[in-house]
2 protein chains.
Amino acid sequence: MTDSTGPDPVGIRAVSELTGLSLDTLRWYEREGLLPLVERSDGGQRRYPPAAIRFIRLVQVLRRTGMPVDDVRDFVQMGSGLEWHGARTALLEQRAAAIEEQIAQLHQDLAVVREKIAHHRDLQQRGLDCEDEIAAAAPHSGGAGQRPETNGDGHA
Amino acid sequence: MTDSTGPDPVGIRAVSELTGLSLDTLRWYEREGLLPLVERSDGGQRRYPPAAIRFIRLVQVLRRTGMPVDDVRDFVQMGSGLEWHGARTALLEQRAAAIEEQIAQLHQDLAVVREKIAHHRDLQQRGLDCEDEIAAAAPHSGGAGQRPETNGDGHA
DNA sequence: ATTTGCGCTGGAGTGCACTCCACCTCCTAC
DNA sequence: GTAGGAGGTGGAGTGCACTCCAGCGCAAAT
C-alpha cells in the first residue's frame, strides 16, 4: 500500500453533480432517513464514501421508478440481518415486476402515440381533420374544420 | 336505418369506470380544458360521445407518460386547422421520443434492480451482507452486521 | 307527488416531494 | 486576522394534481 489512506473527501456538491440530485434534495433525503451511509467530517460537513454514493444510485432507481419516499425509507431501514434478507429481496422483486409493468404500459402508450401520428400524417395528406383531434376553440384559426354532425365513425 | 338514432347516453359514471379516472378528475380535466368534446344533456349532465371517450384515452396516455396538465391543455387547445397540424404532429413526436427515453431509462433501472437481487441472493447463499445494502439502525435486529471499516470494495 | 340519489358548481383542502429561506458555523484564501 | 463563500439546520413555502365538500338542481323509482 503506497498511500492507501486516501480519504476521498467527497462532499455534497460533488455528489450533487454526480447524481443530478440537488443539494437540498440530498440533505432532505438524509433527514428523511433514505441515506444511511453518509458520514461527517470533523467540522460536521457531509462526506460520501463510495458505498454511500452507490446507495444513492439505488435510491434514485427506486424513486425514479415510482416508489414513494416512505416506502424507500422502509426498505432502507430494514436491518442488515439475515431475518431481513427475504424482505429486502422480496421488495426488490416487487420493484422489478413494477418496472416491467411500467415498461409494458409505456410500450402500449407509445403505440397509441405513433398511431395518432400516422393518422395525422394521413389526414394532412388529404387535407382533412377528424373529430378525434379537433380541440375546443381555435380563436385565430380560420375555423378550417367546423364539423357539422358527422357521426358515423368506425371504432377506436 | 332501422333505429340509428341511438343517442348512447354515456354518463360520467360510465366513463369513470371505463377509463379509471375518478368522477372528480373527469370534471376537473374538463374545467381545465383538457376535454373538449364533452356534451351536455338537457338537464345539464355530461354526455360523452365516442369521440370524447377516445379523446380521453389520448389524454390519459399523455398524462401517464409524464406530460404536465398545462402542456396537455396547450396540445388540446390547438386549433383544428391545417396551420396547427404541424405543431400537433411535432408535439406527438416529441412525446414519442420522450416515451422512448423513459423506456430506455426503465430498462437501465430494471437492470440495476435485477443486479441487486442477484447480489442479495449471492450474499444470502454465503450468509454475508455488504455495506451496499446495510441500512441505518436495526432496533429489533440483533445487530447482525456491524461493519467495522471494511473499505476496499471493487466497483458498482 | 315525494323520496332518494346522482350529478353540477365553485371553492377549499390534501398529499407528496421537494425547494427556499434565514441564520449560523466552518473552512480557505488573502 | 479577516473576508467571502461553502455548508449546516430547522422550518416555512411552493407546485402540481388531484380530492373533498357544501349547497343545489334534476332524475328515476315508488
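Protein chains get the first letters and strands the later ones, always in sequence-line order, with residue 1 at the start of each.
Of the side-chain N and O atoms in Tyr29(A), none sit less than 4.0 angstrom from OP1 or OP2 of dA17(C). Within the structure, every side-chain polar atom (N or O) of Arg13(A) is placed at least 4.0 Å from both OP1 and OP2 of dA6(D).
If you take CD of Gln45(A) and C1' of dG5(D), they are 11 Å apart, rounded to a whole angstrom. Atom pair Met67(B):CE and dA17(D):P shows a separation of 12 Å (rounding to whole Å applied). Between Asp42(A) atom CG and dA6(D) atom P the separation is 21 Å, expressed in whole Å. To the nearest angstrom, C1' of dA27(D) lies 10 Å from CZ of Arg47(B). Note: CD (Glu30(B)) to P (dG10(C)) measures 11 Å, nearest angstrom. For the pair Asp71(B) CG and dG15(D) P, the interatomic distance rounds to 16 Å; values are reported in whole Å. With rounding to whole Å, Arg27(B) atom CZ is found 12 Å from dC6(C) atom P. Residue Leu34(B) contributes atom CG, which lies 11 Å from atom C1' of dA17(D) at whole-angstrom precision.
No donor-acceptor distance shorter than 3.5 angstrom exists from the side chain of Glu30(B) to the backbone of Val38(B), with no hydrogens or angles considered. A donor-acceptor contact shorter than 3.5 Å links the side chain of Arg73(A) to the backbone of Glu32(A). Remark: side-chain polar atoms of Thr25(B) are not paired, donor with acceptor, to backbone N or O of Leu21(B) under 3.5 angstrom.
Comparing the local axis fitted to the first five base pairs of the helix from dA1(C)-dT30(D) to dC30(C)-dG1(D) with the one fitted to its last five gives a bend of 20°, rounded to 10°.
Salt-bridge formation is detected for the pair Glu100(B)/Arg114(A): a Lys NZ or Arg NE/NH1/NH2 atom is positioned less than 4.0 Å from an Asp or Glu carboxylate oxygen.
Among the heavy atoms of the strands lying under 4.0 Å from Arg46(B) are primed sugar atoms or P, OP1, OP2 only; no base atom is included. Across all strands, Arg40(A) comes closer than 4.0 Å only to sugar-phosphate atoms, never to a base (heavy-atom distances).
Nearest-nucleotide positions on DNA chain D for Gly43(B) and Asp70(B) put Asp70(B) closer to the 5' end. In terms of position on DNA chain C, the residue among Trp28(A) and Ser41(A) whose nearest nucleotide sits closer to the 5' end is Trp28(A).
Remark: the Thr19(B) side chain and the Arg57(B) side chain contain no N/O donor-acceptor pair separated by less than 3.5 Å. In this model, a donor atom of one side chain and an acceptor atom of the other lie less than 3.5 Å apart for Arg95(A) and Thr65(A).
For Arg63(B), the listed nucleotide lying nearest its side chain is dA17(D); candidates were dC18(C), dA17(D), dG8(D).
Between His107(B) and His107(A), the ring planes lie tilted relative to each other; the angle falls in the 30° to 60° range.
Tyr29(A) has its side chain out of reach of Ile56(A): every pair of non-hydrogen atoms, C-beta onward, lies at least 4.5 Å apart. Side-chain contact between Arg47(A) and Ile12(A) is absent, with no heavy atoms from C-beta onward closer than 4.5 Å. Under the 4.5 Å side-chain criterion, counting only non-hydrogen atoms from C-beta, Phe75(A) is in contact with Leu58(A).
Using a 4.0 Å cut-off on heavy atoms, the residues of residues 14-25 of chain A that approach DNA chain C are Ser22(A), Asp24(A), Thr25(A), listed by number.
Contact annotation: side chain of Arg31(B) to base of dG10(C), donor-acceptor pair present below 3.5 Å.
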